[in-house]
Number of protein chains: 2
Amino acid sequence: MGVGREGQRRKGAQVTANGPSAKDTAAARRGRARRPTMKDIAQRAGVSESAVSFALNDRPGVSEVTRARVRRVAEQLGWRPSTAARALSGEGAATVGLVLARPAATLGVDSFFLQLISGIQEILSDRGLGLLFQVVEDVTAECAVYRRWWAEHRVDGVLVVDPRTDDPRPALLDELGLPAVVIGALTDERGRTGAGLSQVRADDAGGMAVIVDRLYALGHRRIAHVAGLPSLAHTERRIRSLRVEAGRRGLSDVHSFTTDYSDTEGAAVTRRLLDRGAPPTALIYDNDVMAAAGAAVAAGLGRAVPGDVSVVSWEDSALCRLVRPWLTALSRDTIAFGRLAAGELAALLDGGPARTVQVPLPRLIERESTERARPVPQESRSDDV
Amino acid sequence: MGVGREGQRRKGAQVTANGPSAKDTAAARRGRARRPTMKDIAQRAGVSESAVSFALNDRPGVSEVTRARVRRVAEQLGWRPSTAARALSGEGAATVGLVLARPAATLGVDSFFLQLISGIQEILSDRGLGLLFQVVEDVTAECAVYRRWWAEHRVDGVLVVDPRTDDPRPALLDELGLPAVVIGALTDERGRTGAGLSQVRADDAGGMAVIVDRLYALGHRRIAHVAGLPSLAHTERRIRSLRVEAGRRGLSDVHSFTTDYSDTEGAAVTRRLLDRGAPPTALIYDNDVMAAAGAAVAAGLGRAVPGDVSVVSWEDSALCRLVRPWLTALSRDTIAFGRLAAGELAALLDGGPARTVQVPLPRLIERESTERARPVPQESRSDDV
DNA sequence: TGGTGGCACTCAAGCGCTTTAGTGCCCGAT
DNA sequence: ATCGGGCACTAAAGCGCTTGAGTGCCACCA
């Protein structure tokens, strides 16, 4: 009896609900179907586990016919390597991490992230990599998550979004030895920070140049830029680029104002700007939500868009075609962006070198919210491009 | 020499970059800092590994003073359990999965998912559970992902979204023995499907009743419902509920039309409806994007919103306050929804029973897009509520 | 004084996989 | 005839953790 019980226990999950005592306890639920292991394959194929391992991992040490046989058996059994076991024996967790540091409330206002993630997934799932995802409140918490993931052996690398000025994350990841790719790039100057850190850069300077070029050509001379969070590296970059573009064209009434990306702040800043003595004739918003909110505010103040003021959104989305007038927007292929980033991370995990790649210049989709600036008396337009 | 090398190899990652031959190869990057293991704790605390395990897992078998000592050492060392090792020894992966079956393009139009996820996270991270996330094209691919996750030992349970009519997923998950909670609930009738399957139900019938109640009170008698994907369970439920509510009030000109949730289809259906002989005086849209698109179409056709036609969105978001007129919307606490679902799953993983819980009735936020129906000559309003 | 329990703790196996060090075999070179 | 070497494959250890089966010790009762 004792022996019988032992034997039964040893077989573990193989027991198939023997008897109709089907109490639906949590224990009973576990392992309803049994996962095949390499041992099963080895048995069926009549070789040792090592041989199976060699065969399945394209390692030398088995003949081609054995390799084929093992492969066939594995497929028949529907075998998949246990990531846990793999990770434990040093192969890594076959998972990459992505943490989003955003207060819950401001989440999901823009479509950027889901698109990005969807691009990321395309590449990752091709490579059999999982994506561990986490939303936290701030960067401090984000760093804690990296530490935890690292200590728990959960991820092989991470994708870092929303790079900041004075970002603590690269140093931490370097310390932990976690390969990472920064999406959106740190400051232009420093270049790569530590080995194992790739960057996928959006061309913020280029984007800004595209917008200013166009607005200038349309005769706009007083331009305001309603930017995003001041702590983000790309906000800083866009502001700097705008200043450069303005300087190049001798424009003096060109300014940036930072916000928290919310429709509320976007609206508030817009109201302040339009109430000025010589209000801007063109407004550049760092996201679609603020652009829409800003356009609505302008309309509310009796300013025609684009008659009195042109509006450009730095982010294209369905929203830009849901408000009237339709918003002119800078459109980038966010999905491709995600794909690129994931590709870089995969390369890094394969032992490739850290690189900095740049995504193509975004395109300006001109819709209804921009048009030629109303001629201003005291300024001739002879200095046009 | 041979011995020396062996010894060195055995110590593995403990080697600290001996010598300045710091080639930044992928190999060198691995394990820059060493993760402490239970063995380290055991050594320092002067007990066996088992004792450490007991101590850290609140299991009996160690005295309180030892437990405290072990805990202290663990904390000092910054120890965290390796999920890989845990998973391997049968404890589960401490991870739950969430897969989103949506074509990449239609992703991110609504804010629903990120909000939901953010709520989910709150609970999961409290419990030390990770969230493995995946975006796929369709339900078939989704099922494949479940299979893979299961075989790879990656997740302990999953959160299922977008339940469908004739949903293949519950059966699959049951077969695999993967605990799951369905977010949004399957058809009302069947109730729980298999053990280990909890449901968190949005009250679609209640929501529809709230909307129809209000519209009816405002005098609307011809109501159209621009619904979402016909294959989704909640679409079906809403349509059914509308029919019931209409029947109860003796309304005959009340119909539903399914779409793919896109602004395009929402607009198209709206145009068709408004071009009819006796167009509806009120339109209910199954999401915010279609509501906004529909309102724009109405305006384009010269119908005043809400003067000629009232608009209600079944989903509140920033968008509802970015278009003019502001959209009346059914508002639910999506973050709380996520929290609830994650809580149910956690309970399930703890061995709790499968349950079906219901979230509170959504509230109707009345904004500018609804008002009293224009009185219709051939119909007295004496039968009002 | 010997037995008996319970307590605090250790031993060792095992989870599924990788990997290093063998082992046996056959073939060609000496 | 013998040896070396390459090849196909096996044995076994180890990754970090859990867990059932001990083990030694002490208090307590008969």
Side-chain angles (χ1 to χ4, degrees), chain A residues 2 5-6 9-14 30-31 34-43 45-70 74 77 79-94 151-154, chain B residues 2-3 5-6 8-14 30-31 34-43 45-70 74 77 79-94 151-154:
Chain A
R5 182 180 271 174
E6 250 186 331
R9 197 184 298 120
R10 190 160 294 140
K11 296 274 176 168
Q14 208 163 29
R30 295 234 160 138
R34 199 166 89 80
R35 298 168 175 84
T37 71
M38 284 191 9
K39 195 186 288 183
D40 301 321
I41 301 179
Q43 251 167 29
V47 292
S48 71
E49 281 187 63
S50 327
V52 173
S53 177
F54 294 148
L56 295 173
N57 292 314
D58 281 328
R59 237 174 270 283
V62 285
S63 64
E64 275 316 310
V65 317
T66 307
R67 192 185 297 280
R69 181 156 39 96
V70 168
L77 258 46
W79 176 86
R80 301 244 61 204
S82 150
T83 41
R86 267 233 161 101
L88 197 53
S89 41
E91 283 301 274
E152 292 178 354
H153 263 283
R154 269 183 186 279
Chain B
V3 173
R5 183 180 271 174
E6 251 186 331
Q8 197 168 302
R9 197 184 297 118
R10 190 162 295 142
K11 296 272 175 166
Q14 209 165 26
R30 295 231 159 142
R34 198 166 91 77
R35 298 167 175 83
T37 71
M38 285 192 9
K39 194 186 288 183
D40 299 323
I41 301 179
Q43 252 168 27
V47 293
S48 71
E49 282 187 63
S50 325
V52 173
S53 176
F54 293 149
L56 295 173
N57 292 313
D58 282 328
R59 237 175 270 283
V62 285
S63 63
E64 275 315 310
V65 317
T66 308
R67 193 186 297 280
R69 183 156 39 95
V70 167
L77 260 44
W79 177 86
R80 300 244 64 203
S82 149
T83 41
R86 267 232 163 103
L88 197 52
S89 41
E91 282 300 273
E152 293 178 352
H153 261 285
R154 270 183 185 278

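Letters A, B, ... are given to chains in the order of the sequence lines, protein chains preceding strands, and every chain is numbered from 1. All figures in this text were calculated on a predicted structure; none of them were measured in a lab.
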Once you apply a heavy-atom cut-off of 4.0 Å, does A/P81 come out as touching a base, just sugar-phosphate, or nothing?
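If one applies the 4.0 Å heavy-atom cut-off, A/P81 turns out to touch the sugar-phosphate alone, with no base involved.
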
Within the 4.0 Å heavy-atom criterion, would you say B/V52 contacts the bases, only the backbone, or no part of the nucleic acid?
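Here B/V52 touches no strand at all.
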
For [N] and [X] - does any side-chain N or O of the residue sit under 4.0 Å from the phosphate oxygens OP1/OP2?
| X | N | value |
| --- | --- | --- |
| A/R35 | C/dG16 | no |
| B/S53 | D/dT19 | no |
| A/S82 | C/dC17 | no |
| B/R59 | D/dT19 | yes |
| A/R86 | C/dT18 | yes |

What I want to check is whether an N or O donor and acceptor connect the side chain of B/S50 with the base of C/dA12 at under 3.5 Å.
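When only heavy-atom distances are counted, B/S50 does reach the base of C/dA12 through a donor-acceptor pair under 3.5 Å.
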
Would you kindly compare A/F54 and B/A85 by the position of their nearest DNA chain D nucleotide and give the one closer to the 5′ end?
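The residue closer to the strand's 5' end, by nearest nucleotide, is A/F54.
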
Kindly compute the distance separating [atom1] ([X]) from [atom2] ([Y]), expressed to the nearest 0.5 Å.
| X | Y | atom1 | atom2 | answer |
| --- | --- | --- | --- | --- |
| B/E49 | B/I41 | CD | CD1 | 9.5 Å |
| A/R86 | A/N57 | CZ | CG | 5.0 Å |
| B/M38 | B/L56 | CE | CG | 7.0 Å |

Let me check the geometry of the helix from C/dT1-D/dA30 to C/dT30-D/dA1. What is the bend angle between the axes at its two ends, five pairs each, to 10°?
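Comparing the first five pairs with the last five, the axes sit 70° apart.
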
Can you list the residues that meet the side-chain contact (heavy atoms from CB on, under 4.5 Å) rule with A/A45, with sequence neighbours excluded?
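With neighbours one apart ignored, the set is A/V47, A/R69, A/V70, A/V73.
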
Could you check B/G61 against A/S89 and say which one's nearest nucleotide on DNA chain C is further toward the 5' end?
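Going by which nucleotide is closer to the 5' end, it is B/G61.
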
Indicate yes or no: does B/E152 engage A/R80 in a salt bridge with an N to O separation below 4.0 Å.
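Looking at B/E152 and A/R80, the cut-off is met.
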
Starting at CD of B/Q43 and ending at P of C/dC9, how long is that distance when rounded to a whole Å?
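My rounded result for the distance is 18 Å.
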
